[in-house]
Structure formats: structure tokens, C-alpha cells
Number of protein chains: 2
Amino acid sequence: MSLITSEKTIERLSLYRRILMRLRDDGETVVFSHQLAVPAGITPAQVRRDIMNLGCNGTPRSGYRIKELLTGITEVFDTPQSQRAILVGIGRLGLALLAHFSGRWRWLHIHAAFDSDPAKSSGVISGCHCYPVDQLAVVVREWNIGIGIITVPANAAQSVADQMCAAGVTGLLNFTSVRLNVPRSVFVENVDLTASFEKVAYFARRHEAAGVTG
Amino acid sequence: MSLITSEKTIERLSLYRRILMRLRDDGETVVFSHQLAVPAGITPAQVRRDIMNLGCNGTPRSGYRIKELLTGITEVFDTPQSQRAILVGIGRLGLALLAHFSGRWRWLHIHAAFDSDPAKSSGVISGCHCYPVDQLAVVVREWNIGIGIITVPANAAQSVADQMCAAGVTGLLNFTSVRLNVPRSVFVENVDLTASFEKVAYFARRHEAAGVTG
DNA sequence: GAGTGTGAAGGCCTTCACAGCT
DNA sequence: AGCTGTGAAGGCCTTCACACTC
């Protein structure tokens, strides 16, 4: 299996996989680099290099075999057993993510959800058991949870991250607008929705003002 | 006013602003580059360069004046009137975003929400009027909407984007896992949650396996 | 002829390193 | 002594360009 270290390459592979599945479902069996490049919004050269990194190859005449690419990408992402995650912060965003993504993938299972509010931290939501946040460490250790999803308010984020790291999580998906201070052994992916909104507002205005055409 | 063209710089300015507001609320009046760098998770040199791009400057002895930085960043992001956005796709994610971000900022107002399902496309949600999606163009033109937020299922994304672009939107915030084909006069910010999940799962596993310490 | 595979070039962003300032 | 401001260097990622293949 190839070892891909670039975050950007991983993001693109995830995207290619979804495009490839759509092509496959449409009955296609082979694909050219430009057929991936256009829906991915990048250049064919980039696609070819990513596929090279992946360790697959194609032929000039007929391109790449979709099945082979999907197998290659799946090898990168898949695990023997599905990975387990927990979500902390059963607010509106947490609930939406649970509803949207719980049970959606074979390879990632959101095992439990936590909240500091007793009113939210019991019962089952979207097939996911809810617990008080003080049980976090116990559950992480008992179930060997590797991934934590943080949807708490900003002021609780670091404390929650500390607890998860101490309990042995190795990846965090951080939806707060705080940058977490964690050991280097833990990978953090920040999804900063506030920044995304501000960014699109800024560039929308710039494009409007400039009447950008090129 | 300085014209910042780098997307990454804009993202960091958004982050600096939130850190600065917290410092200000804590009673601080000045700040050194490293005091911004640590909570932002970057290097002091990067902070200084961003501030340089912003057109502010500090003094070796006392650093930067927080008020001046906030004014500078606000000048970048703020508009005379608040910018108007619409959201299309009143599903779980759309609802969560409305609840989370509607009325949250002075500079961005989510003016209306749309859905193709008649059951969802009436009434008021989180202070936001809901309409059938076929009224999209009319509302965008009438209210001079500049920003569109797309939270529809993947197969409807391109069609919704086309309608918004035709009606004159200049910025899109795309939460689907499809890359949109839009005129170059429209800015698109992709928030690909599926890719984020796959990315954190991949690197969590890598860190776990490698026992990364450096 | 059209597309792949890839070394080399290019571009953008980040970091270094140090002069200048207080 | 310690921090800012910034030219220069470095690194990473993307794109070019073309030999190679079918």
C-alpha cells in the first residue's frame, strides 16, 4: 500500500472516489484524467500525479480502469474494522452531524455522543448513545476510540480536547473556532465555519465590485 | 484599505480577529506576534507578515495595539450595509446552520431559505423566511442577494448553483461533495465534510500506527 | 493522434535571519 | 534585551512539457 503524506492529496483522493463511484454507477469502466479533472475542478496533470502517487497506472489509449482506481483509493482509506469516533457537544451542529453522518459509512462509526448538560446526555440520538461528558475517558478507553468530533462552544473546546487526548484519541475533528493545543501525536482537522462564512462574504464582495471575469 | 488577495491570509485574519476580541475582552490593549501565533497555531513570523499585509504596524517595545488591529481587520471584512445571503436546502445541515449562524453577525444576514419540498418551504425558521425553490431567482434579484449557501443533496447542487449564478450571486458556500461549475465571476468556497471525515480518519490511523511523536 | 508518466520549472506561501528600533 | 519589519531562502504543491505508449 502506498503511504500518502500530503493532506491535499488525501482530500483529492476522497473527492476522486466519489466522482469515480458516480461514473461507475453510470456504467463507465474506464476514465481519462481530464474526466476526473473537470468535475474535481483541477488540472489533468494534477490528477495524473495523484494517481501516480496512489500507485495505479493507466494506458494512453483507454485511460485508467475505474475499478482499479477505486480499489487503490479504498486501500488507502479503508481499515479492517471500521474506525470508531465519538462526538462531544450535542448542540444544533452536533445533532445535525449525527443525523447526517451517523451510520453513513462502513469505515467510520460514531459510537457515542457526550454533553455536559444532563438533559442532553442520555438516551439514543440517530442510533448513537448519549452520555455525560465525565464518562468520556472511560468510553474512549473501553471502546478504543480513535477519533473525536468536537462541537462544543468555544470556551469548552480545549478542555474537551485535553480529555480526549489523555484518553488516547489520535485524531480530532474540530468544529470550534479555537485552535487546539494538542500533543503532536494527535492529528487535528479544523473545520472553521465562521472563517468560511467570512471568506465567502469577503470574496463575494470583491468579485461583485471588480466584476471579475478572468 | 488594503486589498488582500490570498485566501489563506483572509482565513487567518478571521481567526486573528476572534483571538483579538478575546484578548480585548480580557482587558488587554497590546499584543505581541507570538501571543497571536500560539493560539492560532502558526509562527510569529507569519503573524507579522499578515499584519504587514494588513497595513498595520507595531513597536518593538510594546507590540501591536489590539484596537488598531481590530479596526484594520474589520475594515477588510465589513461592509457599509450587511451582506445578504440565502440558504438552499432546508435539511438537517441547513437547519443547523440557520440556527447556528442566523442573526449571529452584523455583516452577514441570512435573508431567506429555500427548499423544493413544499412541506419545508413555508413559514419562518430561526428568523428566516422559507420559500419554494422556484422563487429563488425572484428573491435574489429583488433583495440583491450576493451570497448563496448550498446544503441540498449532491444531485441537486449544480442546478441550484446555476440558478443562483444566473440570478446574480457572486459567492457560494458549497456544503455538498460536488465541485460546482460556475462562471469565473463567482467565488466558491467548498466545505467538504465527507473529505474532512475521511481525512481525519486516515491521519488518525496513521498517527496511531506510527506513534508519531515529532 | 490522443493520453499517460514524470523530470524540471514555476509559483505561492511560510520561515529564516537579521537590521533596526525602543 | 527583546520585538518588529522585511529581503532572502526554503519548501511544498501545481503545472509545464515532452518522451513514451497504444
Side-chain angles (χ1 to χ4, degrees), chain A residues 2-16 19-20 23 28-69 72-73 179 184 187 190 195 199 203 214, chain B residues 2-16 19-20 23 28-69 72-73 179 184 187 190 195 199 203 214:
Chain A
S2 32
L3 274 195
I4 287 144
T5 49
S6 155
E7 294 194 26
K8 302 226 171 177
T9 302
I10 288 295
E11 287 171 21
R12 284 192 300 268
L13 288 179
S14 163
L15 178 56
Y16 296 157
I19 296 168
L20 287 166
L23 288 169
E28 303 290 333
T29 59
V30 292
V31 65
F32 295 118
S33 60
H34 63 262
Q35 289 176 285
L36 280 171
V38 170
I42 55 181
T43 63
Q46 180 74 76
V47 171
R48 291 202 301 275
R49 189 158 299 269
D50 287 335
I51 291 174
M52 193 180 84
N53 291 154
L54 188 64
C56 293
N57 45 40
T59 56
R61 179 65 100 177
S62 52
Y64 304 94
R65 289 188 307 165
I66 289 176
K67 197 174 165 187
E68 185 182 331
L69 293 181
I73 298 175
R179 291 305 178 270
R184 269 180 297 191
F187 177 83
N190 293 304
K199 190 174 160 187
F203 285 106
Chain B
S2 32
L3 274 194
I4 287 145
T5 50
S6 154
E7 294 194 27
K8 301 225 170 179
T9 302
I10 288 295
E11 287 172 21
R12 284 192 300 267
L13 288 179
S14 163
L15 177 56
Y16 297 156
I19 296 168
L20 288 165
L23 288 169
E28 303 289 333
T29 59
V30 292
V31 66
F32 295 118
S33 59
H34 64 263
Q35 290 176 284
L36 280 172
V38 170
I42 55 180
T43 64
Q46 181 74 77
V47 172
R48 291 202 300 275
R49 190 159 295 271
D50 287 335
I51 291 174
M52 194 180 84
N53 291 153
L54 189 63
C56 293
N57 45 40
T59 56
R61 178 65 101 176
S62 52
Y64 304 93
R65 290 190 306 166
I66 289 176
K67 197 174 165 188
E68 186 183 331
L69 293 180
I73 298 174
R179 291 304 177 271
R184 268 180 297 190
F187 176 84
N190 293 304
K199 190 174 160 186
F203 285 106

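Every chain is numbered from 1 and lettered A, B, ... according to where its sequence line falls, protein lines coming before strand lines. Here the structure is a predicted model, which is why all the values come from computation and not from measurement. Only heavy atoms go into these numbers, but all of them, side chains included; no hydrogens, no water, no symmetry mates.
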Whole-Å gap separating [atom2] ([N]) and [atom1] ([X]):
{"X": "B:Asn57", "N": "C:dT22", "atom1": "CG", "atom2": "C1'", "result": "14 Å"}
{"X": "A:His34", "N": "C:dG1", "atom1": "NE2", "atom2": "C1'", "result": "14 Å"}
{"X": "A:Tyr64", "N": "D:dT21", "atom1": "OH", "atom2": "P", "result": "15 Å"}
{"X": "A:Asp50", "N": "C:dT6", "atom1": "CG", "atom2": "P", "result": "14 Å"}
{"X": "A:Asn53", "N": "D:dC12", "atom1": "CG", "atom2": "C1'", "result": "13 Å"}

Side chain of A:Gln46 - closest among D:dT14, C:dT15, D:dT4 |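 Nearest to the side chain of A:Gln46 among the choices is D:dT14.
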Find out whether B:Tyr16 and B:Asp50 are in side-chain contact, i.e. whether some heavy atom of one side chain is under 4.5 Å from a heavy atom of the other.
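Yes, close enough: below the 4.5 Å cut-off.
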Would you say that B:Leu54 contacts B:Ile73 through its side chain, given a criterion of any heavy-atom pair below 4.5 Å between the two side chains? yes
TODO: Using only heavy-atom distances, decide whether a donor-acceptor pair under 3.5 angstrom links the side-chain of B:Arg49 to the base of C:dT15.
DONE: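 Per atom types, the contact qualifies.
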Q: Test for a donor-acceptor pair under 3.5 Å between the base of D:dG5 and the side chain of B:Arg48, counting only N and O atoms.
A: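 Present.
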Heavy-atom nearest nucleotide on DNA chain D taken for B:Gly63 and for A:Lys8; more 5' hit belongs to B:Gly63
- Message: Please compare A:Thr9 and B:Met52 by the position of their nearest nucleotide in DNA chain D and report the one closer to 5'.
- Response: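 Residue closer to the 5' terminus by nearest nucleotide: B:Met52.
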Which part of the nucleic acid does B:Ser6 contact within heavy-atom distance under 4.0 Å: base, sugar-phosphate only, or nothing?
sugar-phosphate
Short side-chain N/O contact to [N] OP1/OP2 from [X], under 4.0 Å:
{"X": "A:Ser33", "N": "C:dT4", "value": "yes"}
{"X": "A:Ser62", "N": "C:dG3", "value": "no"}
{"X": "A:Thr43", "N": "D:dT15", "value": "yes"}

- Give the intermediate values and the outcome of side-chain contact (heavy atoms from CB on, under 4.5 Å) for residues A:Leu69 and A:Val31. CA-CA 10 Å; A:Leu69 293 181; A:Val31 65; 3.9 Å; yes
With a 3.5 Å distance limit and no angle check, can you tell me whether A:Gln46 reaches the backbone of A:Thr43 through a side-chain donor-acceptor pair?
no
State whether the side chain of A:Glu68 and the backbone N or O of A:Arg65 hold a donor-acceptor pair below 3.5 Å, judged by distance alone.
no
